[in-house]
Amino acid sequence: MTEHELAKAYQPADFEGAIYERWLVADVFAPDGQGSRADATRPPFVIIQPPPNITGALHLGHALTSTVEDLMIRHARMSGRPSLWLPGLDHASIAAQYVLDRIIAADGQTREELGRERYLERMWEFINTTREVMLGQQRRIGASLDWGRLRFTMDDVSSRAVRTAFARLYRDGLAYRTEALINWCPGCRTSVSDLEVIPTEETGSLWTLRYHLLDASGTPSPDSWISVATTRPETILGDTAVAVHPDDARYTAFVGRTVRIPFVERDVPIIADEAVDPAFGTGAVKITPAHDKTDYETGRWHNLPMLTVLADDATINDLGAGYIGMDRYAARKAIVQDLAARGDLETEQPHEMLIGRCQRSSDVIEPRLKTQWFIRTAPLAAAALEATRSGKTKIVPARFEKVWEHWMTSIHDWNVSRQLWWGHRIPAWYCPDGHVTVSELEGGPAGCAECDRSLAELVQDPDIFDTWFSSGLWPFSTLGWPDETDDLDRFYPGTVMETGYDIIFFWVARMMMMGIHLMGDVPFTTVYLHGLVKDPYGKRMSKTKGNVVDPLEAIAESGADALRFALVHGTSPGNDQKFRSERLDDGRNFANKLWNATRFVLGARPATIRVDASRQSPDASQLGPAERWIRSRAAGAVESVDRAMADLQFAEVTRTLYDAIWSEFCDWGLEFAKVRLTDESLAPETRAATWWTLVEALDTYLRLLHPVMPFVTEELWAALPHAADDPSLLIVADWPSMADREPQVEADVDTVIQLIGALRNARAEAGVEAGEWLAVRVVVPDGLAPAFSLLAPSVGRLARARPLVQLGSPDELSRSAEAGLTVVVGDLQAQIELSADEDSADRERVRLEKDLAEAENFLAAAQARLGSDAFVQRAPAAVVAGARSRAAELEETVARLRDRLRR
RNA sequence: GGGCGGUUAGCUCAGUUGGUUAGAGCACAUGCUUGACAUGCAUGAGGCCACUGGUUCGAGUCCAGUACCGCCCACCA
């Protein structure tokens with residue numbers, strides 16, 4: 001880039017796209033790409049990203065994921081580690097079907113009308129249109145993914161991995177097929193896992209109704225009954241018992257007797273079971289083993305018949321007597337009416353309860369019996385627990401380890417069968433004799449595993465896998481598993497798995513369990529969980545609420561760098577953030593600041609340095625205190641950022657850099673430098689050294705900031721002079737290191753900065769015109785004198801002090817100005833000459849008294865602390881020493897101020 | 001019913017093993033077309049760090065409890 005181009009104002013839209021193209025062309029994203037300068041002997045840094053769902057657009061959560069992962073991978077890349085961040089997409093079976101169903105519904109079509117084959121063709125067409133949109137959005141935010149490795153959970157390699165994984169689990173006794181109670185979504189027409197059932201608070205009804213006891217003759221007695229409470233009267237049709245608590249005296253005589261279930265006219269026993277809560281309802285509960293989780297357990301324990309009364313579409317099936325074919329809620333209404341008509345409905349009262357709804361369609365989930373495949377999770381979870389307990393895998397932030405522990409210790413077997421079409425078909429075949437054959441072969445097994453029937457006689461399971469089954473294999477299926485590939489050898493286990501805490505069970509847990517079992521090792525050594533991006537009121541963003549922020553719009557408005565900065569700055573790991581547009585402004589303004597600072601530095605190049613000069617280190621012998629301060633502070637920033645990066649404290653990274661670049665480098669470094677760069681009395685090599693100091697600091701800051709704000713830093717870095725061994729792009733430049741800190745120089749310059757601040761403050765409070773130049777006399781302690789002399793021209797300019805006179809002793813000061821403004825910074829004193837009138841003298845007195853009171857308060861506190869024997873004896877020596885020097889400094893200030901006020 | 005998180009300036013949030021005077025951005029007030037930047041500069045005002053107790057020489061930070069807000073898990077029909 002030329003100076004001419006940089007002369008323009010900061011406009012991210014002008015260059016962000018072009019910068020991404022340059023990275024692509026340079027092939028720097030792959031761990032061994034041509035542009036990579038990675039040291040192949042170092043352990044690779046591998047990030048596992050949650051592959052976004054192929055449907056729908058990316059939202060701010062994706063943007064956050066991409067940002068955090070990208071900043072980690074960029075840091076690793078610059079640090080010289082071979083770095084792998086593999087892009088991918090998830091086929092998202094149920095979510096994708098839900099979306100496609102709605103699209104085809106708009107054309108008046110249904111899944112059933114299309115049929116499996118045409119529906120799947122339609123799905124492929126659909127995802128071919130969404131795929132590029134999704135990937136384009138990731139690029140727009142700057143994600144430096146290794147695009148050559150793009151993977152999809154439905155591609156051939158993934159399919160083979162799924163079949164192989166399942167076959168392994170089956171052979172290891174960890175996959176089994178059985179009839180069990182599952183969560184049925186009548187809307188999606190499939191079973192869903194426990195995690196996909198969302199408990200929703202709702203006000204329903206609690207009905208109390210009567211089941212009549214059979215008398216000696218075996219007919220229901222009109223006068224004796226047992227009352228039971230239910231929220232789902234339609235399940236009466238499937239009742240096979242009534243249960244009471246064994247210790248419930250009210251019902252002791254009832255146990256063992258028989259009641260008749262109305263409508264279906266079924267006679268069922270009254271049983272005793274500990275699971276019944278005597279305090280709830282009537283203390284007697286109807287048992288519907290096929291449609292309720294608790295009842296199912298009770299039914300199994302007591303060997304009760306399990307009668308399924310609901311069809312797939314949640315209508316009453318042919319066991320439903322007079323209600324056959326009715327929708328579940330129509331049947332409920334009718335049954336309540338009919339009970340009332342019979343005089344068997346005692347009460348109906350409103351009831352607060354939790355209803356399980358489908359995460360996808362929001363339909364009320366019905367528990368029901370189905371024959372399906374399950375993964376035996378107990379042994380897998382035990383191994384996953386061992387991995388986190390031993391520290392082999394670390395969870396950040398650590399508090400999620402408790403959540404992890406709890407879930408892993410109370411985990412149920414995982415129902416993986418889905419009655420959907422879009423996904424991986426379960427590779428299980430059934431023979432007419434009831435034998436089961438599981439095969440990882442693409443074309444299926446040769447024949448039945450247990451008898452001599454051929455493949456042609458077998459029927460494959462029509463179901464597909466839960467979409468998370470294939471996602472769970474992601475860390476190794478993407479590296480070529482089950483083949484023993486070089487990639488697996490090199491990049492497994494991954495380094496950091498990064499995602500939102502909301503999918504810790506869905507995805508992280510499954511990857512851990514599958515990885516450990518199938519690979520024999522954890523899939524990643526660190527789990528980094530970020531929080532959720534909420535709207536400004538703390539609500540979850542959702543399309544239905546209409547409160548979503550489109551990342552692309554934010555980028556168009558403020559630039560990708562601003563969005564990235566906004567998503568990271570001021571946040572902390574695992575904590576949610578409220579997102580408002582003001583945060584984007586912060587990021588954009590910061591980028592703008594950096595842009596203009598660079599513009600200034602380039603424009604301030606001394607004439608003795610050629611425009612195309614290659615990068616030089618500043619000549620150490622020519623450096624003044626300001627230059628040494630700039631270098632030391634930059635070195636300090638490197639230290640801080642390194643520490644924060646190592647701790648995965650990314651907000652600390654942005655905070656450090658924001659302060660260092662804005663409040664130190666720009667506010668003071670550049671301001672000091674302006675004076676030296678234009679001081680014709682200085683030797684050309686001195687001015688050159690100042691300029692090279694600025695270039696060095698800027699170069700360092702651009703490198704440090706690059707992982708967070710890659711576009712603007714890349715653009716600006718291109719405009720700086722470069723060393724011969726610099727690569728052509730910042731993205732693969734070396735992570736910076738800086739020479740040692742200089743604490744004494746930092747302290748000296750900081751004191752001078754404080755003095756300038758105090759002078760400005762005094763002027764402002766005295767109502768001095770901002771542009772007015774006033775004479776200032778200073779008394780500088782001996783230790784500071786050499787540095788101060790060199791900085792004096794800058795002090796003069798920044799504090800509008802002219803002339804600025806250094807006095808030999810405080811005595812000169814006191815005599816020389818009666819009505820001036822006095823400023824005291826420790827043992828540094830200054831006096832601003834100001835023509836006196838009575839008002840201003842009073843104002844000055846008030847100001848000094850205020851300063852004095854403040855100093856006295858602090859001094860009193862410090863002395864009180866030092867006066868305590870307990871403190872002096874028990875506190876660490878360094879703390880006591882610090883308090884002493886602090887008190888001494890305050891004493892000095894107080895004495896000076898008192899002295900001044902006496903006059 | 002269990003568990004976790006939050007509570008710090010008007011708003012949004014930092015505050016890393018307890019240690020000088022608790023910080024930032026935005027908003028606010030006042031003044032600035034100072035030759036990088038008004039997406040800016042300078043100065044300022046604004047906090048019983050939710051509450052109660054404890055440990056300690058010393059607590060925003062550690063412990064116990066309370067209150068409110070949010071989230072996760074859970075088979076009261």
Side-chain angles (χ1 to χ4, degrees), chain A residues 6 9-10 199 206 228-232 235 243 275-277 279-282 284-288 292-298 351 353-354 367 397 399-400 402-403 406-407 410 501-502 504-505 531-532 534 536 538 558 569-572 574-580 582-583 585-586 588-604 643-644 647 649 651-652 655 658-659 663 666-667 670-671 674 678 757 760-761 763-765 767-771 797-798 800 854-855 857-858 861-862 865 868-876 878-880 882-883 885-887 890:
Chain A
L6 246 201
Y10 170 65
L206 185 65
V228 297
T230 183
T231 56
R232 294 190 297 158
T235 60
V276 179
D277 175 6
F280 186 87
T282 62
V285 58
K286 57 191 269 321
I287 302 296
T288 321
D292 182 274
K293 238 173 178 176
T294 315
D295 292 3
Y296 177 70
E297 296 304 324
T298 307
H351 185 60
M353 56 186 183
L354 290 176
R399 66 184 142 88
F400 283 101
K402 281 187 188 169
V403 184
H406 179 256
W407 195 74
S410 57
Y501 65 75
D502 54 331
I504 183 169
F505 306 135
L532 274 29
K534 306 280 191 70
S558 309
H569 191 59
T571 65
S572 53
N575 284 350
D576 296 348
Q577 57 173 303
K578 292 177 193 156
F579 192 88
R580 46 183 70 225
E582 289 87 338
R583 308 248 316 259
D585 296 340
D586 292 347
R588 184 204 49 188
N589 293 353
F590 184 40
N592 179 63
K593 186 74 178 176
L594 192 61
W595 180 275
N596 284 303
T598 307
R599 214 155 66 116
F600 167 75
V601 171
L602 292 174
R643 201 178 314 121
D647 294 344
Q649 296 280 351
E652 181 69 11
R655 196 189 62 75
Y658 189 93
D659 289 349
S663 309
C666 292
D667 285 354
L670 294 184
E671 295 305 324
K674 278 177 184 173
T678 52
R760 285 169 168 174
N761 167 299
R763 289 168 55 104
E765 292 203 7
V768 174
E769 284 289 323
R797 175 183 159 125
L798 297 176
R800 294 242 148 200
E854 197 178 42
N857 279 340
F858 293 141
R865 190 175 308 115
S868 151
D869 288 345
F871 174 72
V872 177
Q873 282 158 24
R874 301 204 194 183
V879 173
V880 176
S885 73
R886 172 73 190 143
L890 283 164

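Predicted model only: the values in this text are computed from it and were never measured. Chain naming here is simple, since letters A, B, ... match the order of the sequence lines and numbering starts at 1 in each.
Distance noted for atom C1' between rA50(B) and rA42(B): 36 Å (whole Å). The gap from the C1' atom of rA59(B) to that of rC26(B) amounts to 30 Å, rounded to the nearest Å. A distance of about 13 Å separates the P atoms of rG60(B) and rU52(B), rounded to the whole Å. On the P atoms, rC28(B) is 36 Å away from rU17(B), given to the nearest whole Å.
Heavy-atom distances to RNA chain B give each of Asn589(A) and Asp277(A) a nearest nucleotide, and the one nearer the 5′ end belongs to Asn589(A).
Of the nucleotides present, none pairs with rU34(B) by Watson-Crick or G-U wobble criteria with both distances under 3.5 Å. Across all strands shown, rG5(B) pairs with rC69(B); the Watson-Crick or G-U wobble distances both stay below 3.5 Å.
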_Base-contact (B) and sugar-phosphate-only (S) positions in nucleotides 2-12 of chain B, heavy-atom cut-off under 4.0 Å, - elsewhere_ = --SS------S
*For nucleotides 58-65 of chain B, read 5' to 3', which letter fits each nucleotide if B means a protein heavy atom sits under 4.0 Å from the base, S means only the sugar-phosphate is that close, and - means neither?*
--------
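Side-chain N/O atoms of Thr231(A) include none lying less than 4.0 angstrom from OP1 or OP2 on rA77(B).
Rounded to whole Å, the distance from CZ on Phe280(A) to C1' on rA77(B) is 6 Å.
Aromatic ring centres of His351(A) and Phe280(A): separated by under 6.0 Å.
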